[in-house]
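The model shown is predicted, which means the values in this text are computed figures rather than measured ones. All chains are named by letter (A, B, ...) in the order of the sequence lines, taking the proteins before the strands, and each is independently numbered beginning at 1.
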Amino acid sequence: MAPQDANKTSAQEVRYDPAELEIRWQQQWAAQSDLYRAHPLGQGAPKYYVLEMLPYPSGQLHMGHVRNYSIGDALARYMWMQGYNVLHPMGWDAFGLPAENAALKNNMPPRQWTLANIAQMRRQMERLGFSYDWQTEVTTCLPEYYRWNQWFFLRMLERGLAYRKQSKVNWCPECATVLANEQVIDSCCWRHEETKVEQRDLEQWFLRITDYAQELVDGLEKLSGWPEKVRTMQRNWIGRSAGATIDFAVEEQGGAEDNEPGRRHGKTPLPALEGFNSNSVKDAAEKIRIFTTRLDTIYGATSVQLAPQHPLVAQFAASDHRLRSEVDSLLEEQRKAREQDAFGALEKHGVFTGRFAINHYNGERLPIWVANYVLLEYGSGAIMAVPAHDERDYEFARKYGLEIRIVVLPRRTEPLTEGERQEPVLPYIEEDSLLINSGDYNTLGCMEAREKMAAFAQGHGFGEATVTFRLKDWGISRQRYWGTPIPILYCHKDGIVPVPDDQLPVLLPENIEITQQGGSPLAKIPEFVNAVCPKCGGPARRETDTMDTFVDSSWYFYRYTDARNSGEPFAPERAAYWFPIDQYIGGVEHAILHLIYSRFWTKVMRDLGLIKNDEPAERLFTQGMVIKNGAKMSKSKGNVVSPDDMIARYGADATRAYALFAAPPDRDLDWQEDGVAGVSRFLSRVYRLGMRYAPQVRTAAKTAAPSTSPVAQRLLRKLHRTIRKITQDFAGRWHFNTSVAAIMELVNEIVSAESEIAALPASESAVLAAALLRPLVLLLAPFAPYLAAELWQAIGATDAILRHPWPRFDENLAREEEIEIPVQINGKLRAVISIPREADNEALQKAALEEERVQAAIAGKQIIKVIIVPGKLINIVVK
RNA sequence: GCCGGGAUGGCGGAACUGGCAGACGCAGCGGACUCAAAAUCCGCCGAGGGCAACCUCGUGGGGGUUCGACCCCCCCUCCCGGCACCA
């Protein structure tokens with residue numbers, strides 16, 4: 001081929017070959033081990049910790065990962081260029097069931113399978129050119145990491161934050177293990193969306209996340225850098241509600257003749273308030289504890305409702321066959337409804353127990369019912385039913401003919417007119433109201449009555465103001481092999497014995513046979529199970545369950561600050577320097593799982609004195625899903641796009657830049673391969689532009705000021721506007737789709753001005769080209785780092801572009817001399833006039849009125865008003 | 001049912017604080033280069049009307065506020081996500 005012609009339109013231009021160029025730079029970067037390394041303690045430079053959620057090593061990156069990491073990498077590169085000391089790490093959430101399944105299928109040890117996948121995915125990440133410091137890589141399935149899970153567990157055990165109890169737990173038959181509440185979605189397993197979760201009664205280890213429930217809710221108010229959506233989801237999940245627990249005494253059976261449930265029970269033989277003795281309540285044979293958020297309506301309670309699973313129900317039913325069989329059918333009905341996911345739609349059903357409870361506020365006897373809409377898991381599994389002021393109780397009372405007594409009335413500002421009824425529409429649930437039919441509390445407002453009533457109950461020992469949470473403690477035991485062993489021993493003599501710190505880690509045995517049947521795989525390995533009790537030296541049995549993998553991801557980002565520390569989880573001074581994370585980026589699917597556990601873990605670590613921050617991350621960003629043909633990419637839909645394919649066809653830069661260009665990062669992204677091709681064409685155009693001018697730019701003096709020729713003025717103005725826009729995008733809305741579009745506009749404008757540039761004197765055109773191309777390449781660096789590095793070198797730079805200062809914009813250069821002002825007549829656009837920027841309103845109005853089309857439009861009409869928005873628009877109102 | 005988010009050309013999207021609707025890209029159409037194709041480059045590209053200059057309509061639907069509304073207010077429809085008998 002003939003040597004390249006100097007003419008700018010040469011047909012033999014060098015071709016953009018992303019594969020060649022990218023692999024060349026990848027090798028060069030791999031050789032520079034400290035390229036992406038942050039100083040662990042800063043040394044003066046301001047710190048910036050940007051973190052993307054670590055992946056599960058399935059073996060293949062998917063487009064969601066590529067999008068997530070492209071966002072994070074653009075930010076990390078930008079922050080380096082802004083002069084920050086940037087921590088940008090990556091790791092592997094490497095424990096979990098898929099490794100066991102793969103082991104069964106391929107007859108390959110989980111560890112080997114996992115590590116091979118990690119190697120494969122790391123290659124993909126390196127090929128994509130992400131700026132991770134691999135020196136801080138964290139792999140959660142390695143003993144160097146999971147020993148600290150065990151260490152934290154022991155610290156929690158010491159503080160009573162870890163405990164063991166027998167309870168009903170969620171069991172996924174597919175996973176053959178227990179799941180946490182957070183891992184059950186629509187009563188199905190989060191990993192097996194088709195598999196219904198069963199309830200099993202098992203002994204499990206729990207972490208007392210509920211101890212932090214209040215702080216976890218309160219903290220959400222301060223997390224202004226988190227999406228409102230995530231904060232709302234967490235608030236709902238924690239489900240705080242303030243109310244009161246109140247005890248009702250259960251009347252001895254046969255204590256009263258009147259056993260008709262629907263009847264009014266105005267007067268009773270039981271003690272009224274004055275004769276009330278709190279001891280008699282405590283000593284009562286039975287009591288029912290209810291939870292209510294509407295204590296103010298307690299005078300309107302006309303029955304007490306128990307959940308069918310409530311212990312008292314079984315007790316009542318023991319001597320009552322009719323009740324037994326009716327309760328059984330309630331339970332059966334519930335079970336069926338749960339199975340069909342129709343629990344919420346279940347019609348309210350109940351049965352009268354024949355027993356009565358005493359309302360200590362007024363001494364009334366209330367019939368005790370069993371109702372299918374009362375949940376055992378929430379509150380105390382029992383409620384007082386106030387039909388007049390609760391929708392569900394109302395529905396139930398109407399069905400069974402129970403009394404409906406109004407005790408709350410709307411506040412009125414005017415007296416009743418004649419004939420107007422006082423009754424509100426039922427059920428009346430407003431709280432900005434006044435009490436009636438409520439003894440001493442009549443005429444009080446709801447809020448005030450609640451406080452006084454709670455104080456009364458407390459004073460008499462039958463209740464108090466309480467706060468209830470929907471959040472339950474975190475069950476972490478898993479009957480699986482591939483996870484962190486729980487460091488506990490069971491000794492006949494000493495009971496539950498923690499493994500001493502100096503015996504950590506409790507190593508997960510290798511080379512074992514994996515089966516999916518019959519409980520924890522570890523239980524079948526005698527060498528693992530049989531141990532020595534550290535207290536008495538006698539034989540002990542090891543705990544054979546492993547920890548939920550969400551333990552691993554609850555604190556991994558602290559380990560990045562000190563990943564090779566073998567004496568402690570991390571050095572506190574390092575965490576103090578780096579935390580909180582400045583920007584955390586990941587999928588919204590972790591809004592409740594990972595993000596609530598890791599907030600909990602942070603608070604525990606703070607209370608252990610290891611860290612000073614209350615929350616792990618200052619700012620959180622949740623990117624949208626990657627979809628194709630209107631659906632989330634999935635194997636079953638057959639719409640999966642492989643990152644490897646995209647890279648092979650268009651290169652890493654084009655794949656990454658497209659992931660940023662196709663949609664704003666917080667919205668779903670519809671993957672269209674033609675769009676990737678378009679971005680690739682754009683990068684090719686930039687490449688050819690850069691290469692055309694590289695020889696001139698190399699010779700141009702860096703400090704020389706570009707000429708004041710019109711073309712230079714115009715292009716520099718565009719350049720500075722582009723710098724300003726992209727800088728603002730990083731600082732603000734993160735609309736990188738418009739950042740990339742802005743670079744495209746700039747490139748288009750330079751390319752179409754090339755003949756004008758060529759017409760300038762040779763030295764001037766070189767200076768102008770340099771003044772345009774150097775910043776252009778810098779702007780490109782966060783979005784297409786390979787191409788930027790290549791061009792940076794081609795135009796004669798010798799430093800690493802990653803550490804080169806981000807270009808600054810000059811407001812004066814960005815400003816237009818002549819601005820275009822739209823002219824509206826009655827709000828409709830009629831003309832656009834060009835006018836000097838400094839022109840005052842008078843001159844602007846004059847110019848507008850003189851404009852030909854404006855003249856035509858206002859001819860014969862009367863000008864009523866002229867609205868001028870300086871620098872923006874002029875609107876002439878005519879009649 | 002409740003709480004979030006959304007609806008703009010054939011498609012993805014832009015319009016930052018109420019001020020030129022459709023930037024940028026894709027697809028499409030026409031042209032240049034070529035024996036031809038690829039690549040590249042140039043032009044057109046919301047709908048309707050008009051030879052044209054231009055005119056009218058147009059941001060899910062209906063009302064309103066305003067000189068002016070994709071943007072603010074009220075009502076409604078649909079889509080996505082979360083929670084859901086939580087007392």
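- Relative to the ring axis of Phe396(A), Lys348(A) does not place its NZ or CZ within 45° and under 6.0 Å from the centre.
- The side chain of Arg733(A) contributes an N or O atom lying less than 4.0 Å from OP1 or OP2 of A15(B).
- For a distance-only test at 3.5 Å, the side chain of Lys348(A) qualifies as a donor-acceptor partner of the base of C85(B).
- Between Arg470(A) and A84(B) there is a side-chain N or O to OP1 or OP2 distance below 4.0 Å.
- Between G58(B) and A47(B), the distance separating the two C1' atoms is 7 Å to the nearest Å.
- Salt-bridge formation is not detected for the pair Glu377(A)/Lys472(A): no Lys NZ or Arg NE/NH1/NH2 atom is positioned less than 4.0 Å from an Asp or Glu carboxylate oxygen.
- With values rounded to the nearest 0.5 angstrom, Leu780(A) atom CG is found 12.0 Å from Ser739(A) atom OG.
- A side-chain donor-acceptor contact under 3.5 Å links Asn875(A) to the backbone of Gly827(A).
- Ion pairing of Lys628(A) with Glu673(A) is absent here, as no side-chain N (NZ or NE/NH1/NH2) approaches a carboxylate O to less than 4.0 Å.
- We find that CZ of Arg830(A) is positioned 16 Å from C1' of G19(B), with the value rounded to whole Å.
- Proximity of Arg681(A) to the phosphate of A27(B): a side-chain N or O atom is located under 4.0 Å from OP1 or OP2.
- Paired runs in RNA chain B that reach 3 or more consecutive Watson-Crick or G-U pairs, where each pair keeps both distances under 3.5 Å, cover B:1-7 with B:77-83, B:10-12 with B:24-26, B:28-32 with B:40-44, B:46-49 with B:54-57, B:60-64 with B:72-76.
- At a threshold of 4.0 angstrom between heavy atoms, the contacts of Gly678(A) are confined to the sugar-phosphate backbone, with no base atom among them.
- Across all strands, Phe682(A) comes closer than 4.0 Å to no nucleic acid atom at all (heavy-atom distances).
- Between the side chain of Asn875(A) and the base of C67(B) there is at least one donor-acceptor pair of N/O atoms closer than 3.5 Å.
- Taking atom C1' on both U77(B) and G31(B), the two are 46 Å apart, rounded to the nearest angstrom.
- The listed nucleotides are C41(B), G82(B), G12(B); the one nearest the side chain of Phe661(A) is G12(B).
- With P as the reference atom, C42(B) and C55(B) are 30 Å apart, rounded to whole Å.
- Checking the phosphate oxygens (OP1, OP2) of G25(B), a side-chain nitrogen or oxygen of Arg685(A) falls inside 4.0 Å.
- Side-chain atoms of His360(A) do not come within 3.5 Å of backbone N or O of Ala457(A) as any donor-acceptor pair.
- Residue Gln672(A) contributes atom CD, which lies 10 Å from atom C1' of G25(B) at whole-angstrom precision.
- The backbone N or O of Leu216(A) lies less than 3.5 Å from a partner atom in the side chain of Arg599(A), making a donor-acceptor pair.
- With rounding to whole Å, Met625(A) atom CE is found 13 Å from G6(B) atom C1'.
- For the pair Glu745(A) and Lys725(A), the salt-bridge criterion is not met [side-chain N within less than 4.0 Å of a carboxylate O].
- Ion pairing between a basic and an acidic side chain is recognised when a charged N comes within 4.0 Å of a carboxylate O; Arg398(A) and Glu395(A) show no such pairing.
- Taking atom CG of residue Leu779(A) and atom P of nucleotide C24(B), one finds them 18 Å apart after rounding to whole Å.
- Here Val869(A) lies in heavy-atom contact (under 4.0 Å) with a base.
- Annotation: proximity of residues 740-752 of chain A to RNA chain B (heavy atom, distance under 4.0 Å) is found for Ala741(A), Met744(A), Glu745(A), Asn748(A), numbered in ascending order.
- The distance from atom CH2 of Trp369(A) to atom P of C85(B) is 22 Å, rounded to the nearest whole Å.
- When heavy atoms are screened at a 4.0 angstrom cut-off, Leu346(A) is found touching base atoms of the nucleic acid.
- Candidate nucleotides U40(B), A87(B), A27(B) were compared by shortest atom distance to the side chain of Asp674(A), and A27(B) ranks first.
- Distance check, rounded to the nearest 0.5 Å: CZ of Phe469(A) to CZ of Arg240(A) gives 5.5 Å.
- In this structure, Val386(A) reaches neither bases nor backbone, as no heavy-atom distance under 4.0 Å exists between it and the strands shown.
- Using modelled atom types, one side-chain atom of Arg67(A) and one backbone atom of Gly624(A) make a donor-acceptor pair closer than 3.5 Å.
- Nucleotide G9(B) carries a syn base; the chi torsion (O4'-C1'-N9-C4 or O4'-C1'-N1-C2) is within 90° of 0.
- At the heavy-atom level, Arg667(A) lies under 4.0 Å from the strands shown only through sugar-phosphate atoms.
- For Leu683(A) and C26(B), the CG to P distance is 12 Å, given to the nearest whole Å.
- Between Ser684(A) and Lys865(A), the one whose closest nucleotide on RNA chain B sits nearer the 5' end is Ser684(A).
- Comparing U8(B) with G13(B), their P atoms are spaced 9 Å from each other, to the whole Å.
- Closest-nucleotide positions on RNA chain B for Arg294(A) and Pro664(A) were compared, and the one nearer the 5' end corresponds to Pro664(A).
- Regarding Asp670(A), its CG atom lies at a distance of 7 Å from the C1' atom of G12(B), rounded to whole Å.
- Look at Lys336(A) and Glu333(A) and you find no salt bridge, because none of the NZ, NE, NH1 or NH2 atoms lies under 4.0 Å from a carboxylate O.
- Distances shown here put a side-chain N or O of Asn737(A) below 4.0 Å from the OP1 or OP2 atom of A14(B).
- For C16(B), the OP1/OP2 oxygens have no side-chain nitrogen or oxygen of Thr738(A) closer than 4.0 Å.
- Lys718(A) places its NZ atom 10 Å from the C1' atom of C24(B), with the value rounded to the nearest Å.
- Distance noted for atom P between C16(B) and C83(B): 34 Å (whole Å).
- Contact of Gln824(A) with G19(B) (side chain to base): a donor-acceptor pair of N or O atoms is detected under 3.5 Å.
- Within the 4.0 angstrom heavy-atom criterion, only backbone atoms of the sugar-phosphate kind lie near Asp668(A); the bases stay farther away.
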